[in-house]
Amino acid sequence: MTTPTDIARAVVREAGQTLAERAGIRMADRPEPLWQLLVLVNLLSARISADIAIAAARELYAAGGATPAGMAELDWQDRVDALGRGRYVRYDESTATRLGECARIVLDEYNGALRRLADEAGGDRRPLSTALRRFPGIGPTGATMFCREAQAVWAWLCPFADDLSLRGAERVGLPASEPELGGLVPKQDTAALAAGLVSIARDADLAERVRGGAG
């Protein structure tokens with residue numbers, strides 16, 4: 001008999017690649033990967049495909065923007081060119097400006113280390129979300145994406161499942177509640193579970209494959 005735990009494991013196995021993993025970010029509670037995640041979420045917040053946003057993020061990292069200091073040192077045209085190489089062309093100029101502003105905020109207000117966001121939040125999601133939305137280009141959806149991914153390294157966020165994750169859970173017969181979902185996988189897999197459920201919410205065929213792989 002297939003259990004919710006079996007289904008959750010199938011979600012992680014079949015669909016659990018996080019956005020950070022797709023962008024080549026090695027998530028850790030360190031300044032560089034947390035900054036890279038902020039850049040990625042900023043790019044994903046525009047009305048553009050995830051594949052293009054991820055490609056553009058990789059180009060920015062390779063150009064020197066993998067740290068806040070590196071992004072600040074890139075001039076505006078360097079950022080535009082990197083975005084263009086990733087085919088992020090519709091919003092390239094405004095995004096290049098925003099990323100420079102974000103880098104300056106991290107350097108000036110967080111001493112280059114976004115891990116201080118967690119310290120200041122004090123284990124509460126609401127002030128974290130508010131702080132994230134102070135960065136140009138990050139709105140409620142971007143803040144949610146950041147938290148969904150950051151739970152991989154900030155255990156106090158676990159389990160984090162947004163509305164889209166919960167919709168995916170319902171689609172494969174899992175409970176649509178954070179506490180129940182969190183009890184189905186180890187803490188280190190909650191980000192992968194949430195990422196997989198988001199993909200499932202958007203892809204009925206993937207949902208069928210997961211259900212078939214859970215038996």
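- Closest non-hydrogen pair, Leu117 versus Ala131, comes out as CD2-CB, 3.6 Å.
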After noting the C-alpha distance and the side-chain angles of Leu197 and Leu181, does the key distance pass the side-chain contact (heavy atoms from CB on, under 4.5 Å) rule? CA-CA 11 Å; Leu197 292 174; Leu181 287 172; 4.1 Å; yes
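- Residues that satisfy the side chain to side chain contact (heavy atoms under 4.5 Å, CB included) test with Ala15, not counting sequence neighbours, are Leu206.
- No hydrogens or angles considered: a donor-acceptor pair under 3.5 Å links the side chains of Ser165 and Asp162.
- Placement of Leu99 and Ile48 within a single hydrophobic cluster is found when ILVMFWY residues are connected by side-chain heavy-atom separations under 4.5 Å, directly or transitively.
- Residue-environment remark: CG (Asp163) stays at or below the threshold of 12 foreign heavy atoms within 6.0 Å.
- With a 6.0 Å radius and a threshold of 12 heavy atoms from other residues, nucleotides or ligands, Arg13 has its CZ atom above the threshold.
- Ion pairing between Arg22 and Glu149 fails under the 4.0 Å rule for side-chain N and carboxylate O.
- Follow the hydrophobic side-chain contacts under 4.5 Å out from Leu83 and you reach Ile52 in the same cluster.
- Glu109 and Arg134 are joined by a salt bridge, as a carboxylate oxygen and a charged side-chain nitrogen come within less than 4.0 angstrom of each other.
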Could you give me the CA-CA distance, side-chain angles and deciding distance for Arg125 and Glu178, then say whether salt bridge (Lys or Arg N to Asp or Glu O under 4.0 Å) is met? CA-CA 14 Å; Arg125 296 177 181 183; Glu178 284 184 335; 2.9 Å; yes
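- Heavy atoms from other residues, nucleotides or ligands lying under 6.0 Å from CZ of Arg87 number 12 at most.
- Judged by distance alone, with hydrogens and angles left aside, the side-chain atoms of Thr190 form no donor-acceptor pair with the main-chain N or O of Pro186 at under 3.5 Å.
- Side-chain atoms of Thr95 never come within 3.5 Å of backbone atoms of Asp92 as a donor-acceptor pair (strictly under, hydrogens ignored).
- Residues Thr67 and Trp35 bring no donor and acceptor atom of their side chains to less than 3.5 Å of each other.
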Report the C-alpha separation of Leu38 and Phe146 in whole Å, then their side-chain angles, then the decisive distance to 0.1 Å, and conclude whether the side-chain contact (heavy atoms from CB on, under 4.5 Å) test is met. CA-CA 7 Å; Leu38 186 76; Phe146 187 97; 4.2 Å; yes
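- Tracing side-chain contacts under 4.5 Å through hydrophobic residues (I, L, V, M, F, W, Y), one never reaches Leu164 starting from Ile7; they form parts of separate clusters.
- Looking at Val106, Asp78, Leu60 one by one, the single match for side-chain contact (heavy atoms from CB on, under 4.5 Å) with Met71 turns out to be Leu60.
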May I have the step-by-step check of side-chain contact (heavy atoms from CB on, under 4.5 Å) for Val39 and Leu43, ending in yes or no? CA-CA 6 Å; Val39 171; Leu43 298 176; 4.3 Å; yes
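- Salt-bridge check for Glu14 with Arg209: failed, with every basic side-chain N at 4.0 Å or more from each acidic carboxylate O.
- Cluster membership check: Met27 shares its hydrophobic cluster with Trp154, using side-chain heavy-atom separations under 4.5 Å among Ile, Leu, Val, Met, Phe, Trp and Tyr.
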Go through Ile54 and Leu40 one step at a time and tell me if the side-chain contact (heavy atoms from CB on, under 4.5 Å) criterion holds. CA-CA 7 Å; Ile54 288 166; Leu40 176 62; 3.9 Å; yes
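- Counting heavy atoms from C-beta on, the side chains of Arg167 and Val198 never come closer than 4.5 Å.
- Side-chain atoms of Glu21 come within 3.5 Å of backbone atoms of Thr18 as a donor-acceptor pair (strictly under, hydrogens ignored).
- Residues Asp124 and Trp156 have side chains not in contact (no heavy-atom distance under 4.5 Å, counting atoms from C-beta outward).
- At least one donor-acceptor pair closer than 3.5 Å links the side chain of Arg171 to the backbone N or O of Ala201.
- Between the side chains of Thr3 and Asp6, at least one donor-acceptor pair of N or O atoms lies under 3.5 Å.
- For Arg90, the CZ atom counts as loosely surrounded, since its 6.0 Å shell holds 12 or fewer non-hydrogen atoms of other residues, nucleotides or ligands.
- Remark: Pro136 engages Arg98, Glu101, Cys102, Ile105 in a side chain to side chain contact (heavy atoms under 4.5 Å, CB included) (not counting sequence neighbours).
- Criterion: ILVMFWY side-chain heavy atoms under 4.5 Å apart, direct or through other members. Under it, Tyr88 and Phe135 are part of a common hydrophobic cluster.
- Each of Leu132, Ile138, Leu19 was evaluated against Val41; a single residue qualifies, Ile138, per the side-chain contact (heavy atoms from CB on, under 4.5 Å) test.
- Smallest separation of non-hydrogen atoms from Leu193 and Ala8: CD1-O, 3.9 Å.
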